[in-house]
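The sequence lines fix the lettering, A, B, ..., with proteins before strands; numbering per chain opens at 1. Please read all numbers here as calculations on a predicted model, not as lab measurements.
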Amino acid sequence: MAHALAESHEEAANDRVMFGFWVYLMTDLLMFAVLFAVYAVLQGNTLGGPTGRDLFSLPLVLAETLILLTSSFTCGIGMIAARAGNKNQVLTWFGITFTLGLMFLGLELYEFAELIHEGHTITTNAFFSSFFTLVGTHGLHIISGLLWMAITLIYVLKRGLNKHMVRKLTLLSLFWHFLDIVWIFIFTIVYLRAFV
Amino acid sequence: MKEFLLGKLSLRALPHEWFTIGATVSFLLLALIVIVAITRLKRWKWLWNEWLTSVDPKKIGIMYFLVGGFMLLRGGLDAIMIWLQQALSSGSSQGYLSADHFQQIFTAHGNIMVFFVAMALIFGLINYIVPLQIGARDLASPFLNTLGFWLFVAGVIMVNIFFMVGGEYAATGWLAVAPLSGTEFSPGVGVDYWIWSLQISGIGTTLGALNFIMTILKMRAPGMTLWKMPLFTWGSLCSMIMAVTVFPLLTATLFLMFLDRNFGAHFFTTTLGGNAMMYTNLIWMWGHPEVYILMLPSFGAFSEIVQTFSRKAIASYKSNVLGMIGVSAFALSVWLHHFFTMGAGANVNAFFGLMTMIIAIPTSVLVFTWIATMYKGRIRFATPMLWFMGFIGTFAIGGIAGVLLAVPPVDFQLHNSLFLVAHFHTMVIGGVLFGIFAGLSYWFPKIAGFRLNERIGKYAFWCWLSGFIMAFTPLYVLGIMGATRRLDHYDASTGYQPFFIMSLIGGIVIMIGVALQIVQIIASFIQKRHLLDITGDPWGGRSLEWATPSIPPPYNFTVIPTVSSRDAYLDLKSLGLLKHDYEDIHMPRSTASGIYISAFAFLAGFGFVWHINWLAVLSIIAIIVCVIMRTFNENTEYTITAAEVEKLETDRIKKLLPAPAGNNEDMGLREFVGIVIVWGLNVIRTKPWRTH
């Protein structure tokens with residue numbers, strides 16, 4: 001009886017955390033909404049300087065996109081493994097996800113470094129301010145996602161796949177897919193639209 | 001090297017003007033007195049374990065009340081300074097404040113009153129009452145709640161620390177409109193303090209709101225469907241949903257402003273393609289709903305009060321709820337009425353003007369449900385009811401003024417005039433603050449275990465109401481006469497001065513009201529045993545919070561009640577269905593993580609304000625480490641067994657003493673003054689400060 005009660009207590013807590021995390025993701029999405037709106041307003045303000053069309057490299061961004069989409073896929077497989085309780089597979093698939101995330105981050109930093117090298121920084125004009133902020137904020141989210149993933153994997157390694165860990169992995173995968181969706185919008189609105 | 005270590009900080013940042021020195025000395029003195037008192041009473045451990053690290057929403061609620069009440073005095077001091085300057089500064093007299101100092105004062109007044117008084121007291125009420133009303137033992141995430149509170153405290157410190165370090169606050173108005181708030185026109189640290197006090201406390205608000213949404217939607221007692229939820233909980237739910245919707249906008253906007261100021265970005269600048277008008281839009285997209293975030297819980301509190309003191313269920317519960325939902329929904333699409341004059345065009349202005357007028361409809365529905373509830377009710381004119389009735393009148397006046405301002409051609413005449421200032425003070429004082437006072441006097445017995453003194457409470461109410469009318473009616477007139485807001489000086493020929501003086505007198509009457517409220521609380525403590533609430537239900541309440549004893553135990557309910565109607569407690573007591581049984585209870589453990597994270601958030605903000613980047617970066621790393629340690633801590637709960645609960649309950653009942661026989665009347669002012677004089681004489685006679 002007491003055991004069943006504790007069980008249902010646990011389940012209710014789980015349910016609340018999942019719901020709360022969804023609400024959190026929506027708040028994060030609203031922050032991105034502001035950054036997207038700001039980008040939409042300011043993107044034309046280049047003051048005669050180079051525009052996105054002159055600077056963006058579509059093959060690079062396509063590579064970034066494919067890498068991030070693939071990482072979402074491997075993250076999904078990792079979750080199936082987590083629900084099945086297969087620790088080694090979880091470590092493998094999330095390890096692959098982590099590597100892909102790192103590759104994405106590397107490419108993004110490379111893109112930023114190129115731009116900065118050519119003398120385009122956040123202070124240049126409003127277009128670059130909004131570009132670096134929107135894409136950079138997504139990048140910061142990727143960094144926190146990677147950090148979170150690394151630490152969760154270390155704990156999985158140490159503590160094994162208990163209920164808490166599966167819950168944490170579920171939240172992490174939600175976060176990762178969320179970043180993927182935001183990236184799709186960045187890919188469309190920032191990069192593809194520059195060439196329309 | 002020095003610049004790396006200290007950023008912009010130098011000895012010049014130390015206090016050197018009369019007001020910064022004065023404030024620093026009084027803060028330090030106050031801190032010294034508190035520290036000495038706690039040390040002498042040997043209460044440090046108790047304070048840390050029982051209060052500061054507590055995750056009990058009731059204790060966090062009380063801490064919100066204390067900080068919010070203290071900030072009310074701080075913001076009130078600003079208000080009196082503004083009033084005094086405006087009453088004096090006519091013609092050849094320049095008043096006693098410099099223009100720059102005056103600007104800092106009205107900026108601080110606005111920020112403190114909205115963020116650190118109204119929000120604090122509203123969050124305090126929600127913390128204390130909502131879990132009790134829905135039959136919950138704690139919140140969905142007790143940790144997020146303590147974290148939200150401590151981030152709020154970090155914001156409070158950030159908004160006041162400029163007295164000691166820096167010496168200047170933003171002189172930009174409470175929303176720091178661009179480009180005035182950019183580095184070009186505000187090179188000092190004032191705006192940076194503004195950014196970080198709002199940013200840190202705003203993130204706390206988002207987390208708190210998220211937590212309450214989870215709690216209200218997922219943790220209600222069995223049987224309590226959404227349509228059976230008490231109206232204060234409904235108001236809180238609407239308010240919290242709005243908060244999670246718009247506070248992220250504030251966070252993002254402040255972030256952009258920070259990038260502008262610290263990293264030379266061009267979002268809101270006048271040069272290199274920045275767009276200052278975008279700032280106005282973004283900040284009001286948050287700013288307008290913010291007013292309703294404050295208002296809706298007050299609406300809910302009024303609904304509870306009008307039912308209890310009319311001894312009648314609310315007239316048309318569903319209309320009331322739909323009214324609140326309507327207000328929240330429309331509130332998101334009216335922000336542009338704050339800047340009709342900015343030039344968005346006739347069609348855009350017309351749309352937002354209409355939306356603003358439409359929002360009066362759900363609001364009126366609420367007012368009519370309250371009036372209809374009083375109709376044929378047996379009304380008791382206790383203090384909460386007085387606050388409510390005062391509110392109905394002021395709210396109607398303020399609402400009509402608001403609808404007037406919603407008409408763009410009228411707004412072109414009255415924009416940024418004192419008419420506007422009078423309007424929003426009518427709403428925020430007459431609506432929000434009266435709601436908070438009504439709620440606090442209504443729920444005080446639940447929170448403290450004894451009633452408040454009714455007699456002095458009524459004096460306080462009448463001072464507030466008459467002072468309020470005297471203070472703000474002249475401002476409506478002044479606005480129509482053409483006086484703009486934020487005037488630090490005006491020409492004698494304008495004829496403004498008599499009105500400003502009348503307004504000042506009104507302000508002084510309000511301050512007397514505040515003083516009487518403090519007297520009321522002290523007098524109630526003195527008379528505590530007479531005012532004791534033994535039943536837990538002093539007013540004949542209808543909702544579940546009255547089913548708990550006053551003061552409720554940490555676990556609120558020994559057994560979670562099953563709800564079958566809207567007036568859950570009224571039914572349980574009339575049908576005699578209250579269960580007295582005991583069961584094992586899971587409770588969250590206290591945690592200091594919230595304090596640590598908020599302390600580092602404060603340091604990070606401080607680092608950014610002064611461009612001490614190493615401090616900011618290290619603090620952010622420390623925050624991340626704290627969060628990781630907290631999330632991977634699996635030992636966050638403990639269990640109270642049924643036997644322990646039974647013992648706690650019987651102990652509690654044993655301790656309840658019946659009120660002493662004799663004169664049970666609430667003491668009046670004369671009696672209070674007598675007691676204070678006798679006590680003072682006694683202190684002088686015994687000389688407790690002399691150590692033997």
**Report entry** Close side-chain approach of B:Phe255 to A:Thr137, heavy-atom, < 4.5 Å
**Finding:** yes
**Report entry** Neighbour count above 12 (heavy atom, 6.0 Å) for A:Arg193 CZ
**Finding:** no
Report summary line: Cut-off 4.5 Å, heavy atoms of chain A, and the answer for B:Leu144 is neither
Report summary line: Looking only at heavy atoms, the pair that brings B:Lys218 and A:Asp15 closest together is NZ-OD2, 3.3 Å
Query - Under 4.5 Å from a heavy atom of chain B, the part of A:Leu29 involved - result: neither
Report summary line: In this structure, CZ of A:Phe19 is separated from CG of B:Leu210 (nearest 0.5 Å) by 8.5 Å
Report summary line: Applying a strict 4.5 Å limit to non-hydrogen atoms, the region of B:Glu583 in contact with chain A is neither
Requested in this report: Could you tell me which of A:Val34, A:Thr27, A:Asn45, A:Thr46 has the largest number of non-hydrogen atom pairs under 4.5 Å with chain B?
Outcome: A:Thr27
Query raised in the report: So do the side chains of B:Phe247 and A:Met31 get within less than 4.5 Å of each other, counting heavy atoms only?
Result: no
Requested in this report: Identify which part of B:Leu250 has an atom lying under 4.5 Å from any heavy atom of chain A, answering side chain, backbone, both or neither.
Outcome: neither
Query raised in the report: For B:Pro248 and A:Leu30, which heavy atoms make the closest approach, and how far apart are they?
Result: CB-CB, 4.0 Å
Report task. Verify the neighbour count for atom CE of B:Met277: are there more than 12 heavy atoms of other residues, nucleotides or ligands below 6.0 Å? Result -> no
**Report entry** Heavy-atom donor-acceptor pair, A:Ser129 side chain to B:Ala265 backbone, under 3.5 Å
**Finding:** no
Requested in this report: Against chain B, label A:Leu47 side chain, backbone, both or neither, depending on which of its atoms sit under 4.5 Å from a heavy atom there.
Outcome: side chain
**Report entry** chain B contact via A:Thr124 - which portion, at a heavy-atom distance below 4.5 Å
**Finding:** backbone
Query raised in the report: How far does CG of A:Asn125 sit from OG1 of B:Thr271, to the nearest 0.5 angstrom?
Result: 10.5 Å
Requested in this report: Determine whether more than 12 heavy atoms belonging to other residues, nucleotides or ligands lie under 6.0 Å from atom CE of B:Met342.
Outcome: yes
Report summary line: Turns out that what part of A:Tyr155 lies under 4.5 Å from chain B's heavy atoms comes down to side chain
Query raised in the report: Is it the backbone or the side chain of A:Val41 that comes under 4.5 Å from a heavy atom of chain B, or both, or neither?
Result: side chain
Query - Contacting region of B:Met219 [heavy-atom separation from chain A under 4.5 Å] - result: side chain
Query raised in the report: Is it the backbone or the side chain of A:Met26 that comes under 4.5 Å from a heavy atom of chain B, or both, or neither?
Result: neither
Query raised in the report: To the nearest 0.5 Å, how far apart are OG1 in A:Thr123 and CG in B:Leu259?
Result: 11.5 Å
Requested in this report: Could you tell me the separation between the CZ atom of B:Phe632 and the CD1 atom of A:Ile151, rounded to the nearest 0.5 Å?
Outcome: 6.5 Å
Query raised in the report: Of the listed residues (B:Thr631, B:Asp260, B:Leu207), which shares the most heavy-atom pairs with chain A below a 4.5 Å separation?
Result: B:Thr631
Query raised in the report: Which pair of heavy atoms, one from B:Phe263 and one from A:Ile122, lies closest together, and at what distance?
Result: O-CG2, 3.8 Å
Query raised in the report: Non-hydrogen atoms of chain A under 4.5 Å away: do they reach the side chain of B:Thr206, the backbone, both or neither?
Result: side chain
Query - Proximal component of A:Asn162, with respect to chain B [non-hydrogen, under 4.5 Å] - result: side chain
Query - Minimum-distance pair of heavy atoms, taken over all atoms of A:Ala126 and B:Gly274 - result: CB-N, 3.9 Å
Query raised in the report: Is it the backbone or the side chain of B:Ile628 that comes under 4.5 Å from a heavy atom of chain A, or both, or neither?
Result: side chain
Query raised in the report: Between A:Arg16 and B:Met214, which heavy-atom pair has the shortest distance, and what is it?
Result: O-SD, 3.3 Å
Report summary line: A:Val38 and B:Leu256 have their tightest heavy-atom pair at CG2-CD1, 3.7 Å
Query - Atom group of A:Leu42 that falls short of 4.5 Å from chain B, counting heavy atoms - result: side chain
Query raised in the report: Under 4.5 Å between any side-chain heavy atoms of A:Thr133 and B:Phe267, yes or no?
Result: yes
